[in-house]
Peer 1: 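Can you read through this structure? Questions will come right after.
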Amino acid sequence: RIDKKRCAHLIALAKPMEVTFHRAFDCCNDLEKGLEDIISLGCRRVLTSGGKVFAVDGLSIIERLVKQAGDRIVIMPGSGINEENLKIIAGRSRASEFHTTAKSVSGSGENEILTTIFYQTNQNIVNSLKNILKSQL
């Protein structure tokens, strides 16, 4: 469940910034009730994978949450969203905002032993995702 008392305190501390409720929402036993609690707290959006590990797997739940939310709060699908699944997630969910890392693997170093591997946001992936969404309009 949503700890409304503690969340209300955090939201008050964050003012005047908008608040996005994080994916802890996905751990609620009753997502529909949890969504209503988050709306009543005044959050601007909720990040969700529909209670699943990846948004594409929780798509039917995300669809229901978007309908339930109406224009009261933004449902932002996230977790595992990429160029291969964004079109289906956007098309079916009718969500207007999406969360993705759009990451690629990078590395640095002089040789195999000293190479450091890290992830970073890839501008080409971001552009590709933007084009996918533009084609949905």
Side-chain angles (χ1 to χ4, degrees):
R1 68 178 180 76
I2 304 301
D3 186 336
K4 289 175 64 173
K5 183 178 178 181
R6 286 191 179 138
C7 287
H9 179 71
L10 292 171
I11 291 166
L13 290 172
K15 287 189 180 201
M17 295 184 295
E18 291 183 352
V19 173
T20 298
F21 200 94
H22 55 79
R23 283 189 53 216
F25 166 75
D26 289 324
C27 295
C28 288
N29 290 329
D30 182 342
L31 293 177
E32 289 79 11
K33 166 80 169 91
L35 180 60
E36 293 302 324
D37 288 343
I38 292 169
I39 291 169
S40 74
L41 287 165
C43 290
R44 174 72 177 105
R45 71 186 48 77
V46 60
L47 176 61
T48 182
S49 59
K52 305 296 182 183
V53 174
F54 299 111
V56 72
D57 298 324
L59 190 49
S60 62
I61 296 165
I62 293 169
E63 286 178 79
R64 288 198 325 256
L65 293 170
V66 169
K67 287 177 187 169
Q68 178 185 343
D71 61 1
R72 300 179 297 157
I73 192 170
V74 173
I75 302 298
M76 179 189 283
S79 183
I81 294 180
N82 57 44
E83 294 163 293
E84 286 76 41
N85 61 26
L86 178 58
K87 187 173 183 174
I88 187 77
I89 292 170
R92 282 192 44 200
S93 72
R94 299 290 185 221
S96 60
E97 298 180 13
F98 303 87
H99 181 277
T100 178
T101 57
K103 66 184 176 187
S104 61
V105 178
S106 295
S108 65
E110 295 180 13
N111 61 45
E112 244 179 65
I113 296 171
L114 297 176
T115 299
T116 301
I117 302 296
F118 57 94
Y119 294 98
Q120 67 182 29
T121 301
N122 182 308
Q123 185 64 48
N124 292 329
I125 296 173
V126 172
N127 290 336
S128 177
L129 293 167
K130 285 171 53 176
N131 289 333
I132 291 168
L133 289 176
K134 283 180 185 177
S135 74
Q136 294 288 101
L137 298 176

Peer 1: Could you tell me which non-hydrogen atom of D26 sits nearest to which non-hydrogen atom of G50, and how far apart they are?
Peer 2: OD1-N, 3.5 Å
Peer 1: How many angstroms lie between atom CZ of R23 and atom OG1 of T48, to the nearest 0.5 angstrom?
Peer 2: 7.5 Å
Peer 1: With C43 as reference, evaluate L35, D37, I2, I11 under the side chain to side chain contact (heavy atoms under 4.5 Å, CB included) test and give the passing residue.
Peer 2: I11
Peer 1: Do you know which two heavy atoms are closest between P77 and I62, and how far apart they sit?
Peer 2: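 Of all heavy-atom pairs spanning P77 and I62, the closest is CG-CG2, 3.8 Å.
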Peer 1: Other members of the hydrophobic cluster containing I89, with the 4.5 Å side-chain heavy-atom rule, please.
Peer 2: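 So far as hydrophobic clustering goes, I89 is joined with V53, F54, V56, L59, I81, L86, I88, F98, I125, L129, I132, L133.
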Peer 1: With heavy-atom distances below 4.5 Å as the criterion, would you say the side chains of I38 and F25 are in contact?
Peer 2: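 When only atoms from C-beta onward are counted, F25 and I38 do touch, with a gap below 4.5 Å.
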Peer 1: Are I39 and M76 connected in a single hydrophobic cluster, I mean Ile/Leu/Val/Met/Phe/Trp/Tyr linked by side-chain heavy atoms less than 4.5 Å apart?
Peer 2: no
Peer 1: Would you name the heavy atoms of N122 and S104 that are closest together and state the gap between them?
Peer 2: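 Between these two residues, the closest heavy atoms are ND2-OG, 3.2 Å.
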Peer 1: Measure the spacing between OG of S96 and CZ of R45 and express it to the nearest 0.5 Å.
Peer 2: 8.5 Å
Peer 1: Take atom CG in N29; do more than 12 heavy atoms of anything else shown fall under 6.0 Å from it?
Peer 2: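 For N29, atom CG is not crowded (no more than 12 foreign heavy atoms under 6.0 Å).
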Peer 1: Could you tell me whether R94 atom CZ has more than 12 heavy atoms of other residues or ligands within 6.0 Å of it?
Peer 2: no
Peer 1: Going from CZ on R44 to CE on M17, what distance comes out if it is rounded to the nearest 0.5 angstrom?
Peer 2: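 Taking CZ in R44 and CE in M17, the distance rounds to 15.5 Å.
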Peer 1: Shortest non-hydrogen contact from E83 to S128?
Peer 2: OE2-OG, 2.7 Å
Peer 1: Strictly by salt bridge (Lys or Arg N to Asp or Glu O under 4.0 Å), give each pair with a member in residues 56-68 just once, sequence neighbours left out.
Peer 2: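 Residue pairs passing salt bridge (Lys or Arg N to Asp or Glu O under 4.0 Å), neighbours aside: E32-R64, E63-R92.
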Peer 1: Which distance, rounded to the nearest 0.5 Å, do you find between the CG of L47 and the CD of E97?
Peer 2: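 With rounding to 0.5 Å, CG (L47) is 10.5 Å from CD (E97).
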Peer 1: Quick check: does any side chain N or O of N85 sit under 3.5 Å from a backbone N or O of N82, one acting as donor and the other as acceptor?
Peer 2: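 Confirmed, N85 side chain pairs with N82 backbone.
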Peer 1: To the nearest 0.5 Å, tell me how far S135 OG sits from K87 NZ.
Peer 2: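 Reported value, rounded in 0.5 Å steps: 5.0 Å.
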Peer 1: Considering residues at least two apart in sequence or located in another chain, which fulfil the side-chain contact (heavy atoms from CB on, under 4.5 Å) criterion with A8?
Peer 2: L41
Peer 1: Nearest 0.5 Å please: distance from the OG atom of S49 over to the CD1 atom of I61.
Peer 2: 9.0 Å
